[in-house]
Protein chains: 2
Amino acid sequence: PLRAQHDNRSLLFADLTREEYFQVQQYMLQQKGLDISSKQTTKPSGNFLFLIDLSLPKKSEALDYLDGKGPKPVRKATVVVFYGTKNYIKEYEVWPLPDPASHKDVTRERYGTELPLSKRLVTIGEYTLMFGFFQDEVFSKLGQLMKESFGVDRDRKLNAFEQMPRGVRSGDRKTWVSFFRDMSGMYIHPVGFEVLLNHESTNASSWKVERLLYNGRYFNSVEQLKQDYENGNVQKIVYKESVDYGSLKPRSSPLQIGPQQFDVEGKRYSVQDNQVVYMKWRFAFGLSSLTGMRVFDVRFKGERVAYEISVQEAMSVYGSVTPGMILTKFLDSSIGIGRFAHELVRGIDCPYQSTYVDTYRYIDTPAPVRFRNSICIFEHNMGQPLRRHFADFFHHSFGGMVNSALVFRTITAIGNYDYMWDFIFYQSGSVEVKVHATGYISSSYLVDGALKYGHQVAENVLGNIHTHFINFKVDLDVSGVKNMFQTKDMEFVNVSLPWMPDRYAMVPQLVEKQLKTEQEAALRYDTKTPRYLHIASNKTNRWGHQRSYRLQVFSFAGDHLPESQTEERAMSWARYKVAITKHKDFEQTSSSLYNQNDIWTPAVDFSKFIEDNESIEDEDLVVWVTTGFLHIPHAEDIPNTVTVGNGGGVLLRPHNYFDEDPSIGSADSAYFDPG
Amino acid sequence: PLRAQHDNRSLLFADLTREEYFQVQQYMLQQKGLDISSKQTTKPSGNFLFLIDLSLPKKSEALDYLDGKGPKPVRKATVVVFYGTKNYIKEYEVWPLPDPASHKDVTRERYGTELPLSKRLVTIGEYTLMFGFFQDEVFSKLGQLMKESFGVDRDRKLNAFEQMPRGVRSGDRKTWVSFFRDMSGMYIHPVGFEVLLNHESTNASSWKVERLLYNGRYFNSVEQLKQDYENGNVQKIVYKESVDYGSLKPRSSPLQIGPQQFDVEGKRYSVQDNQVVYMKWRFAFGLSSLTGMRVFDVRFKGERVAYEISVQEAMSVYGSVTPGMILTKFLDSSIGIGRFAHELVRGIDCPYQSTYVDTYRYIDTPAPVRFRNSICIFEHNMGQPLRRHFADFFHHSFGGMVNSALVFRTITAIGNYDYMWDFIFYQSGSVEVKVHATGYISSSYLVDGALKYGHQVAENVLGNIHTHFINFKVDLDVSGVKNMFQTKDMEFVNVSLPWMPDRYAMVPQLVEKQLKTEQEAALRYDTKTPRYLHIASNKTNRWGHQRSYRLQVFSFAGDHLPESQTEERAMSWARYKVAITKHKDFEQTSSSLYNQNDIWTPAVDFSKFIEDNESIEDEDLVVWVTTGFLHIPHAEDIPNTVTVGNGGGVLLRPHNYFDEDPSIGSADSAYFDPG
Ligand SMILES: [Ca+2]
Ligand SMILES: [Ca+2]
Ligand SMILES: [Ca+2]
Ligand SMILES: [Ca+2]
Ligand SMILES: [Cu+2]
Ligand SMILES: [Cu+2]
């Protein structure tokens, strides 16, 4: 008995199907002039079809279609090719889908410049060469050291974990790779050995080791380390078995199963294609291989509240005395956030009874890949009232309702860390956008001076201090696209008491402001910000107040990186708790696939979106929200960081948007009195 | 198969039993010299036995007993008597329980001064006189106006809602009473009529109306209003039926029941007397009629983590152009927070399957009262992992566990507002202390100038701007009572890169500080505060770091009230996000029963606790946490404020307290790999 109907216009935002990926791949491979390969083993010197993903429609065309005023926009794909032969990267649009027939180079249109090949990420093809290089040029040459210090032999090897950015200036591709024991949770088993690999050349035979770190000391070459080690001029690390403290295996047998939630009378939501209908809510969803999960055309009671809500970027800045992590600044969307949305585990990642959705992706792969159960959707009883009142005086009665809400979730495991992403749809008309971190911390071998950068968390292991910064895009459309940005707060004003005018008191008054330009509305982390932030319409509710949605940001973030650092512009969104821009189709994301590997000349610099300081009055506004926290690792991060307390988000709440709380109409409402 | 055992030493903190209340009451009534009455109709001029509650033991004696080093402390009750005949209030201790034989006046010892009768709250006895006064001296005399403006007749009356404080200076007992329609949710049906009653005298025949407000205009007497009304010199309010928008009755019939949670293999926690055992947790609990819920002797794996965690105060400051709410500053613990912990509704306030506990109270009553099911305890599956990691690289495996935690809850409905109080015990060793607000907002009749103080939320109704400030007491004992207060944060430091020393980068470093005195550790709302706050021991964990619990405060609070205001000292705890004091038995609460009704000379002024600026190094420390939010009412607050987004709290997290995450030992852990 769902009250809302599905509408297949949501398919506009659907990720490409398996067939569509194939069609686009084949279409591209058939363009003989382009000379592209789809082999996963393509070397950096070849031309590699790296990515196929949905190309989002222009918003104006999409709105016309959704609102029944225009035709369905042509469905297109974005294709990214790394041209090793030409030393550049190209982005194409390919259309129409299905059955592509045309393509166009959109690189300049999207980035305002060509993209040199050095901005590309490391593909599996390149990793294969790197691991081979380490085997041949490092491990084989240091057999004795590897055996004595790290227990490496025919059966036991070391695992690599690379740090980014890869160098200190544009064009650099010099990666510090740290080595870890081949144990579960390798990230917390550093061995004290790091190697700086110069892999700038697309020809792996030109690669070289530029520096090595062994037990806190630097060496200029493998030969120098080998010689010093054999001559006894080095403080040696002596291998010993280590405790398997990174293991997640249960240490006690199950006691009793804990509480479980059940849809006792069946599901109260419906998922069809990429559309969810839940109570008064309806939205489309998708999963970008790069930025991760997103929803579109979010409607409550049929009225669009948001055009898009999406994950944009997950960034971390680390501190360390060891060379890799001194510079580490991870920009996950350049590796691909959605790419790592793997299968969710029933009963742990999501409730057993959730609806699980498969996704298909094409990124650094020879063929589209199915990711089974990589999205979960469920209604959750929060175990608390959404609202309630017990009347004690004059009347005796109780009215209230439990807080059951719809959760839309993915979990992305990007190397060591797992981020849990939740969009929660409440019956009161609020949407909550949340992220939590779990998984393994990044760590380094404990050497002199290391304790300035974190805490020891295991034998010889430092858990390095770092930040988690997350950026979300929230394109609210409040009663249409023409909106403004308002703030509200209170201030104490000294007023005379009307019935005793010689007596004064400090009384809170409402202070409302409108911020009219992009720069005024870019709220920096370190400034005092009004407590209520609103995207408002000129249209009013029944009581004459402007209809609005309020943004309530939950964050424990701080400084992201001083602006003096060249790398800062690649993460300039993190300057702002909240920033508002005038919507533009070409300002689709606050970061890019190319920001990590050329962090010094970022392909997308968010601060440029607001540099033109456009008016944000009566315009289509987009909110960019930054949340996050400082992570000072401690013993309890071993083996894994827990989700509790390690998160952030933003709550989008109706504020004079309706004429009253819409949950009052919920069928979950209950009331009783003595009669 | 619970792993921990119950221990009846928790009874030390148990609320008085029904029999104990009776025994104390009878003992006090038998003290002929005191001339006390327990009748609820006792007039202000009589001597009224107002309150009986548990008197907490001295901490040192309690610890000796709990730790097997001393005898059980004598069980005592606190008794509060309002002496109308003597113009003072007395607090007594009565002991031993059961079978009391002695009593002692402890007023001076507790408050450093005598307590004049004017500090007392309004009892049911006094309310009865007040309502009679309004009937006889106001309503009866204004029959025509009451009928024409408010529809008052034999069957329909107005309801009163009083504002506090009662005046502007010490000794005042002049209460602005606002009148509301007798409809459900009366708080959002103001009629535009307010009366200032002077009830300073203990003799009700001396009471008088000092001022009236009708439709925004002031009158000096009932007679003047009557005359002006009848002569047509007043802008009349004309009664019309109003829509029943305050009703919580369902507006649609149930659809399908939503998801429900079940303890599928039985409860995994145990409640015996006032003690809860859950996984590695064990704690005692109680409910003070005044301050509300509290837990004591909170242990994890047998080791005490906190001696006490308790609600202290809920405060609100309002803004208005109307006379009552101009001055309104509610201090709920002076009315009694725990007093209003009523029966919890199964399936809405707490899950159906929760364990419900009855409480007994004696406050403003002729006999102890049983409050059925007024505490609920349940394990809740949060629908998300507590921790998880999916290993994609090198190893393929999944390990994780769902986040099931124990919730201890009461909900207090204090007039219009309902606060939901949660203490949540996680398997990772964290305790979360949370509050959410729901229920009805306070409102006033919309008159000229009112919109500076809020938004219109219904016809002729202004939702008044106000704050919610909540104070919690957190007496952590980290590895014993001798603790210190530490802060941690990061700062960017310009460092030379070891492998290219002419190159510098800004790198985050850990900054640790110890704050050594009470005043240093009183962290004001408007100052920048380190992000990590710790109560730490000198004892270290396995990795050599000081064992600590971190306090992570979730709050949207701001200015509480300028310190220039006389009323501020009664809420001086709200100056600080977090304040640390050296533990003292006589600094049991941050507010008092007497702060509301003599807000200008508060019986407890928290700022005095830190005025002596004691050392907090190697001492027993108590943390006082303030959380809250600004509430700008909006249409969606009608009929009720929703809990989502309207809350705050503090998370107590182990930080190098253990040697690793204790949840790794949980029987809920799961792991699988391809084998
Ligand atoms: Ca712009
Ligand atoms: Ca918009
Ligand atoms: Ca002190
Ligand atoms: Ca303590
Ligand atoms: Cu972290
Ligand atoms: Cu409120």
Side-chain angles (χ1 to χ4, degrees), chain A residues 159 211 248-252 254-261 263-265 319 342 348 379-381 383 385 387 389-390 394 399-400 402 404 413 428 438-439 452 456 465 499 506-510 531 543 545 562 630 634-636 638 640 642 645 651 654-656 659-661 665 667 669 671, chain B residues 159 211 248-252 254-261 263-265 319 342 348 379-381 383 385 387 389-390 394 399-400 402 404 413 428 438-439 452 455-456 465 499 506-510 531 543 562 630 634-636 638 640 642 645 651 654-656 659-661 665 667 669 671:
Chain A
N159 289 333
R211 211 65 58 96
L248 300 177
K249 288 184 184 154
R251 299 191 191 166
S252 53
L255 194 65
Q256 293 163 258
I257 291 173
Q260 301 296 331
Q261 211 163 106
D263 289 324
V264 287
E265 295 190 348
H342 291 284
I348 295 177
E379 186 180 9
H380 194 63
N381 179 328
R387 56 177 173 75
H389 180 67
F390 174 81
F394 305 111
V402 73
S404 286
S428 53
T438 178
K452 264 192 279 189
Q456 186 177 347
I465 194 168
W499 71 101
M506 294 293 274
V507 179
Q509 281 189 358
L510 176 61
R531 276 177 282 174
W543 316 113
H545 294 295
L630 168 66
H634 45 101
E636 294 83 359
I638 304 297
N640 276 356
V642 297
L651 180 65
H655 185 102
N656 293 325
D659 299 330
E660 64 179 351
D661 171 22
S669 300
Y671 180 85
Chain B
N159 288 335
R211 210 64 58 97
L248 300 177
K249 288 184 184 153
R251 300 192 191 166
S252 52
L255 194 65
Q256 295 161 258
I257 291 174
Q260 302 295 332
Q261 210 161 109
D263 289 323
V264 286
E265 295 191 347
H342 292 284
I348 296 177
E379 187 179 10
H380 194 64
N381 178 328
R387 56 177 172 76
H389 180 67
F390 174 80
F394 307 112
V402 74
S404 287
S428 54
T438 179
K452 265 192 279 189
H455 291 308
Q456 186 177 346
I465 194 169
W499 71 101
M506 294 294 274
V507 179
Q509 280 189 359
L510 176 61
R531 276 177 281 175
W543 316 113
L630 167 66
H634 45 101
E636 294 83 359
I638 304 300
N640 275 179
V642 296
L651 180 65
H655 186 103
N656 292 326
D659 299 331
E660 64 179 351
D661 171 23
S669 301
Y671 179 85

Looking at A:Asn640 and B:Arg387, would you say the former's side chain and the latter's main chain have a donor-acceptor pair under 3.5 Å?
no
My understanding is that only residues two or more places apart in sequence, or in another chain, count here; which of them pass ring pair (Phe, Tyr, Trp, His ring centres under 6.0 Å) with A:His389?
B:Tyr440
Is any side-chain heavy atom of A:Ile638 closer than 4.5 Å to one of B:Asp661?
no
Main chain of B:Glu265, side chain of A:Gln256: is a donor-acceptor contact present, judged purely on distance under 3.5 Å?
yes
Between A:Asn381, A:Ile348, A:Thr438, who has the most heavy-atom pairs with chain B when the cutoff is under 4.5 Å?
A:Ile348
Exercise: identify the closest heavy-atom pair between B:Pro250 and A:Tyr671
CD-CB, 3.6 Å
List the atom of B:Ala413, the atom of A:Phe390, and the distance in Å for their closest heavy-atom pair.
CB-O, 3.5 Å
May I have the step-by-step check of side-chain contact (heavy atoms from CB on, under 4.5 Å) for B:His455 and A:Leu510, ending in yes or no?
CA-CA 9 Å; B:His455 291 308; A:Leu510 176 61; 3.8 Å; yes
Where is the tightest heavy-atom contact between B:Ser252 and A:Gly665, given as atom of each residue plus distance?
OG-O, 2.9 Å
Taking only residues two or more places apart in sequence or in another chain, which ones pass salt bridge (charged side-chain N to carboxylate O under 4.0 Å, His left out) with A:Arg531?
A:Asp489
Tell me, side chain or backbone of B:Ile257 under 4.5 Å from chain A's heavy atoms, or both, or neither?
both
Could you have a look at B:Glu379, B:His380, B:His655 and say which one has the most heavy-atom pairs with chain A under 4.5 angstrom?
B:His655
So does A:Gln260 get a backbone contact from the side chain of B:Gln261, meaning a donor-acceptor N/O pair under 3.5 Å?
no
Would you say A:Gln509 and B:Ile465 make side-chain contact, with heavy atoms under 4.5 Å?
no
Verify, without hydrogens or angle tests, whether B:Ser404 (side chain) and A:Gly258 (backbone) share a donor-acceptor contact under 3.5 angstrom.
no
Looking at every heavy atom in both A:Met506 and B:Pro562, which two are closest together, and how far apart are they?
CE-CG, 3.7 Å
Closest non-hydrogen atom pair, A:Trp499 against B:Arg211
O-NH1, 2.8 Å
Only pairs of heavy atoms separated by less than 4.5 Å count here; which of A:Ala635, A:Gly319, A:Pro259, A:Ser669 has the most with chain B?
A:Pro259
Counting only non-hydrogen atoms closer than 4.5 Å, does A:His545 touch chain B with its backbone (N, CA, C, O), its side chain (CB onward), both, or neither?
side chain
Checking heavy atoms, do the side chain of B:Asp263, its backbone, both or neither come under 4.5 Å from chain A?
both
If I measure from the heavy atoms of chain B, does A:His342 come under 4.5 Å with its side chain, its backbone, both, or neither?
side chain
Taking B:His634's backbone N and O only, do any of them form a donor-acceptor pair with A:Asn656's side chain (distance below 3.5 Å, no angle check)?
no
Among B:Gly400, B:Gly439, B:Gly399, B:Pro508, which residue forms the greatest number of heavy-atom pairs with chain A at distances under 4.5 Å?
B:Pro508
Closest non-hydrogen atom pair between B:Val642 and A:Ser428, with its separation
CG1-CB, 4.0 Å
